Every structure is written in structure tokens, then in C-alpha cells.
Amino acid sequence: MAAPLGNAFMSPVANSNLDETPLLAQGGAELSIVIPTFNESANIPLIVDEIRSILGRDLNWEVVFVDDDSPDQTSGVARQMALFDRRVRIVRRVGRRGLSTAVVEGILSTSAPYVIVMDADLQHDTSLLPRMLIELRTQHYDVVVGSRYVDGGGMGAWEEGRQNASRLATRIASLVVRAPVKDVMSGFFGIRRDAFDRVLPRLSNMGFKILLDLFASSPEPLRFKEVPYTFKQRIHGDSKLDTLVLWEYLLLLFDKKFGHIIPARFVSFSVIGVSGIAVHFAVLTAMFQVFHRGFAVAEAVAALTAMTWNFALNNMLTYRDRRLSGWGLLRGWAVFVGVCSFGAVANVGIANWLYEGKFNWAASALAGVVLGSVWNYVMSSMFSWRTTAART
């Protein structure tokens with residue numbers, strides 16, 4: 001299967017002048033397979049062996065693993081393989097998480113004109129790799145989607161509940177994706193590098209559905225084709241899907257629909273802030289009315305509890321891709337409490353200043369809340385969940 005790939009088509013840059021011959025004509029990768037990973041050490045050798053057997057040696061390809069600093073040493077396993085096979089590469093990200101951003105960084109790390117994105121869990125059908133490349137090369141599609149929802153495709157052994165949830169999410173995606181893609185939630189697709197570069201500045205980079213982001217962000221309709229495949233069962237490791245991915249998915253949809261008006265992260269931050277008000281009053285009532293503590297003490301305990309609640313939920317939801325842990329979690333909490341304490345003082349000060357200036361009391365209070373919320377959001381983004389970029 002590999003030989004026809006190597007012989008059937010000439011490189012689009014084969015006629016370049018010798019002194020400007022690109023790496024592709026000198027044996028550089030024509031196809032890059034980008035695979036985001038987290039705790040997939042047992043699957044790394046298996047997926048590489050599958051790719052080798054499918055693509056062989058007649059095609060210039062490479063596989064780029066983008067690992068979010070897995071505690072099971074996934075990056076170490078990939079690095080060991082790279083010592084013996086130059087087609088294996090590893091990008092290790094420290095202080096950042098998220099499938100979409102991992103895919104973007106993986107594509108940016110390669111110069112290949114064609115990229116295929118897939119998972120490391122062996123659930124995607126590697127036998128489709130040659131066909132996807134040929135479609136991108138010869139038919140000039142921008143994207144080729146490995147689809148479970150066209151004739152010949154299927155969900156495999158997924159339980160009915162997960163199948164229904166996947167189909168529902170796909171239907172909801174039509175709110176932001178106008179193209180008639182039947183499996184826009186697929187994590188298995190190929191894309192031309194020039195098409196990716198056109199869409200890149202508009203990407204939200206939120207959540208785990210990068211294909212949806214690509215279609216929803218493209219300034220012009222992407223030319224695409226869907227090819228069928230059947231989803232396989234995972235062999236090693238655990239699924240990365242959990243109940244929190246729904247929140248990320250909803251934020252991505254909001255960002256594509258309304259992100260030009262208000263940032264999706266700010267909406268998440270604000271919703272959590274409203275829940276913190278409820279926590280504040282619940283604790284205040286319990287401390288003051290039930291346990292009969294002084295009002296000042298009860299208010300202090302309630303405020304600290306609400307701030308801690310807000311910090312924990314924001315760390316889990318709003319800033320999931322920058323989630324803090326260990327000592328960083330404690331430092332982030334301390335900074336968050338300090339920022340929000342200053343924000344509370346600013347809130348009261350602004351509201352009082354406006355009220356004394358003859359503004360309506362409700363409007364004054366609302367202005368104070370809005371300004372305090374913006375302050376808390378901006379400062380906590382900058383200092384509590386600042387991004388620490390590192391790679392090896």
C-alpha cells in the first residue's frame with residue numbers, strides 16, 4: 001500500500017530551483033501524523049508499529065506526539081523510540097493541557113504540507129492513512145474526515161448512551177458549523193497545511209473538538225470529504241472523556257457564536273461567581289444564625305469560603321487547560337484570594353462613589369459588581385492561572 005503513495009504523485013514543489021529546493025524534495029516529511037497524548041505510554045509502541053506497517057518506507061512521513069507532561073512517562077517512551085527512528089518526534093508540554101491546543105502546537109512544529117490528526121488509543125483506523133493522504137493530494141480537499149456517520153462507518157462497541165450523546169453533540173454543533181459535515185465531532189482527520197494556516201488566527205483553541213473549531217472558524221467554507229471508519233475499542237489506558245468535557249464543549253460553542261462580543265472564559269468565570277454568591281450567603285446564614293458567631297467573623301468565613309469555592313471551580317472548569325496542582329494550587333489560591341479581596345473593595349468603592357454622585361442605587365451597585373468582576377477575571381487570569389510554557 002505504501003509503494004503507490006510514493007510513486008503515483010509528484011511533489012508540488014518538485015520543479016523548484018535547485019538552490020531553493022525545499023526539505024520535502026530532499027527527503028523531508030510530506031505527511032505528519034500529529035497525536036496528542038496523556039498517559040498513553042503503553043500505546044506509543046503499538047501505534048508507531050501500526051503506522052510503520054501501513055505507510056512503510058516509500059513515503060516520507062513522521063509522527064509527532066504532543067504530550068501534556070504525562071505522569072506515566074509517555075514522553076519518555078516516545079523519546080526512546082525517537083532515538084532509533086528519526087520519523088518519531090515528541091513535543092512535551094509543561095504547564096499546559098488541552099487536546100485542541102496540543103494539536104495546534106503539533107501542527108505548528110512540522111513543515112509537512114499534509115497533516116493527519118488521530119488519537120494514540122488505537123481506536124482510529126490507521127489503514128485509512130494512505131487513502132486520506134491521496135484524497136488531500138489529488139482531489140485538493142482542505143480536510144478529509146474519518147467519519148463514523150457516513151455509509152460504511154460506525155461506532156463499534158460504544159454503549160448506546162455514549163452513542164446518543166455523541167449524535168446529540170453533533171446535531172448541536174450545527175449551530176456554529178454551516179458545512180454539512182456528518183461527523184464534525186471526529187478526532188480523526190487530515191488537513192492541508194495551507195488550509196490550517198488560513199484558519200489558525202481565528203481558532204478558539206478551547207476544549208477537545210479541534211475539527212469543529214476548524215470548520216466553525218474558517219473565513220470561507222472548507223472543501224471536505226468524509227471517509228467511513230468504525231470506531232475501535234481502546235486496548236490500554238483509560239478514556240480521557242469525563243463529565244467536564246461537556247462544559248468545555250458548551251464554552252466552545254458559545255465562543256464561536258458570541259466570542260466576538262464577550263469572551264467565553266469570562267462567561268464561565270461570571271457564572272461561577274454567581275454560584276459563589278449563593279455559597280457566601282449559605283455560609284453566612286449558618287455561621288450567624290445557626291452557630292451564633294459575630295457578624296464580622298461570620299462574614300469573613302463566608303467570604304473566604306466563597307472565594308475558595310470560586311477558585312476551585314474556575315481551576316476545574318474555566319482554566320481546565322491551565323489547571324493548577326501541588327504547590328502551584330496553593331500559590332494560585334492565595335493570589336486569587338488577594339485579587340478578589342481587592343476587587344471587593346473596588347466594587348464597594350465604585351458603587352458608593354456613583355451613588356453619592358446621584359446615580360440610582362441599583363445602577364451604582366451593578367456598576368460596582370461589573371467592574372469588580374472584570375478586575376477579578378483579568379487579574380486572576382494574569383497571575384493565578386498564568387501560563388508556564390515549556391517543552392522538550
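In this text, all values refer to a predicted model and were calculated from it rather than measured experimentally.
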*Asks:* Quick check on the hydrophobic clustering: are Phe269 and Val374 connected, directly or via other members, by side-chain heavy-atom contacts under 4.5 Å?
*Replies:* yes
*Asks:* Between Arg52 and Asp85, is there a side-chain N and carboxylate O pair less than 4.0 Å apart?
*Replies:* yes
*Asks:* Verify whether one side chain among Glu40 and Thr74 offers a donor that lies under 3.5 Å from an acceptor in the other.
*Replies:* no
*Asks:* Flag the pair Leu136 / Ile134 as yes when at least one side-chain heavy-atom distance between them is below 4.5 Å, and no otherwise.
*Replies:* no
*Asks:* Could you check if a side-chain atom of Asn310 sits within less than 4.5 angstrom of a side-chain atom of Cys340, using non-hydrogen atoms only?
*Replies:* no
*Asks:* Hydrophobic clustering (ILVMFWY, side-chain heavy atoms < 4.5 Å, transitive) - are Val150 and Met185 grouped together?
*Replies:* no
*Asks:* Could you tell me whether the side chain of Leu222 reaches within less than 4.5 Å of the side chain of Phe215, counting heavy atoms only?
*Replies:* yes
*Asks:* Taking the six-membered ring for Trp, are the ring centroids of Phe231 and Phe188 within less than 6.0 Å of each other?
*Replies:* no
*Asks:* Take Phe189 and Ile116 through the side chain to side chain contact (heavy atoms under 4.5 Å, CB included) test and state the conclusion after the steps.
*Replies:* CA-CA 6 Å; Phe189 63 92; Ile116 292 177; over 6 Å; no
*Asks:* Which of these, Arg320, Arg92, Arg93, sits in a salt bridge (Lys or Arg N to Asp or Glu O under 4.0 Å) with Asp68?
*Replies:* Arg93
*Asks:* With the side chain counted from C-beta on, respond yes when Asp125 and Thr230 share a heavy-atom pair under 4.5 Å apart, and no when they do not.
*Replies:* no
*Asks:* So that I can tick it off, tell me whether Arg265 and Asp255 are bridged by a salt bridge, with the cut-off set at under 4.0 angstrom between side-chain N and carboxylate O.
*Replies:* no
*Asks:* Looking only at atom types and distance, does a side-chain atom of His124 sit under 3.5 Å from a main-chain N or O of Met118, one as donor and one as acceptor?
*Replies:* no
*Asks:* Sequence neighbours excluded, which residues qualify as side chain to side chain donor-acceptor pair (under 3.5 Å) partners of Arg202?
*Replies:* none
*Asks:* At what distance, to the nearest 0.5 angstrom, does CD of Glu50 lie from OG of Ser127?
*Replies:* 9.0 Å
*Asks:* Ile54, Val227: one ILVMFWY side-chain cluster at the under-4.5 Å cut-off?
*Replies:* yes
*Asks:* Using 30° and 60° as the class limits, which term best fits the ring planes of Trp385 and Phe311: parallel, tilted or perpendicular?
*Replies:* parallel
*Asks:* Applying the side-chain contact (heavy atoms from CB on, under 4.5 Å) criterion to Leu214, which one of Val103, Asp142, Leu203 satisfies it?
*Replies:* Leu203
*Asks:* Are Glu226 and Lys182 within salt-bridge range, i.e. N to O under 4.0 Å?
*Replies:* no
*Asks:* Any chain of hydrophobic side-chain contacts (each under 4.5 Å) joining Val337 to Trp327?
*Replies:* yes
*Asks:* Do the charged groups of Glu135 and Lys225 touch, with an N to O distance under 4.0 Å?
*Replies:* yes
*Asks:* For the atom pair CZ (Arg96) and OG1 (Thr101), what is the distance rounded to the nearest 0.5 Å?
*Replies:* 7.5 Å
*Asks:* Apply side chain to side chain contact (heavy atoms under 4.5 Å, CB included) to the pair Leu211 and Val117, showing each step before the final yes or no.
*Replies:* CA-CA 10 Å; Leu211 183 63; Val117 176; over 6 Å; no
*Asks:* Taking all non-hydrogen atoms of both residues into account, name the closest pair between Ser217 and Val199 and its distance.
*Replies:* CB-CG1, 3.7 Å
*Asks:* Between the side chain of Asn315 and the main-chain N/O of Leu324, is any donor-acceptor distance below 3.5 Å?
*Replies:* yes
*Asks:* Take Val267 and Phe254, measure what side chain to side chain contact (heavy atoms under 4.5 Å, CB included) needs, and give me the verdict at the end.
*Replies:* CA-CA 9 Å; Val267 171; Phe254 180 92; 3.4 Å; yes
*Asks:* Ignoring hydrogens and angles, state whether a donor on the side chain of Ser373 or Asn376 is under 3.5 Å from an acceptor on the partner side chain.
*Replies:* no
*Asks:* Heavy-atom count check: over 12 atoms from other residues, nucleotides or ligands less than 6.0 Å from Asp194 CG?
*Replies:* yes
*Asks:* Which of these passes salt bridge (Lys or Arg N to Asp or Glu O under 4.0 Å) with Glu30: Arg137, Arg193, Arg192?
*Replies:* Arg137
*Asks:* Please walk me through it: do Ser218 and Arg198 pass side chain to side chain contact (heavy atoms under 4.5 Å, CB included)?
*Replies:* CA-CA 7 Å; Ser218 180; Arg198 290 198 305 271; 5.9 Å; no
*Asks:* Closest approach of Asn314 and Ser268, non-hydrogen atoms and distance?
*Replies:* OD1-O, 4.5 Å
*Asks:* Would Phe383 and Phe336 satisfy ring-ring contact (aromatic ring centres under 6.0 Å, His included), going step by step from the backbone distance to the final call?
*Replies:* CA-CA 8 Å; Phe383 298 108; Phe336 184 81; over 10 Å; no
*Asks:* Measuring from Glu62:CD to Leu55:CG, what's the distance to the nearest 0.5 Å?
*Replies:* 12.0 Å
*Asks:* Which heavy atom of Ile47 sits nearest to which heavy atom of Ala120, and what is that distance?
*Replies:* CB-O, 4.4 Å
*Asks:* Testing the basics here: between Ile272 and Trp309, what is the closest heavy-atom pair and its distance to 0.1 Å?
*Replies:* O-NE1, 4.5 Å
*Asks:* If hydrophobic clusters are built by linking Ile, Leu, Val, Met, Phe, Trp and Tyr wherever their side-chain heavy atoms come under 4.5 Å apart, do Leu329 and Val339 end up in the same one?
*Replies:* yes
*Asks:* May I ask you to check whether Tyr377 and Ser270 show a side-chain donor-acceptor distance below 3.5 Å?
*Replies:* no
*Asks:* What is the ring orientation for Trp375 with Phe342, classed by angle as parallel under 30°, tilted 30 to 60°, or perpendicular over 60°?
*Replies:* tilted
*Asks:* Which heavy atom in Val66 sits nearest to a heavy atom in Gly106, and how many Å separate them?
*Replies:* CG2-CA, 3.5 Å
*Asks:* So which atom in Gly152 and which in Pro228 form the shortest heavy-atom distance, rounded to 0.1 Å?
*Replies:* C-CB, 3.5 Å
*Asks:* Given side chains that start at C-beta, do those of Trp61 and Ile51 come closer than 4.5 Å, heavy atoms only?
*Replies:* yes
*Asks:* Taking atom CG of Asp72 and atom OG of Ser41, what is their separation to the nearest 0.5 Å?
*Replies:* 3.5 Å
*Asks:* Side chains of Tyr149 and Ser186, heavy atoms from C-beta outward: is any pair under 4.5 Å?
*Replies:* no
*Asks:* Rounded to the nearest 0.5 Å, what separation is found between the CD1 atom of Ile35 and the CG atom of Asp67?
*Replies:* 12.0 Å
*Asks:* Rounded at 0.5 Å granularity, tell me how far OG in Ser100 sits from CG in Leu252.
*Replies:* 7.0 Å
*Asks:* When you compare the side chain of Arg131 with that of Leu129, does any pair of heavy atoms fall below 4.5 Å?
*Replies:* no
*Asks:* Just so I know, are the side chains of Tyr319 and Ser381 near enough to count as touching, which here means a heavy-atom distance under 4.5 Å?
*Replies:* yes
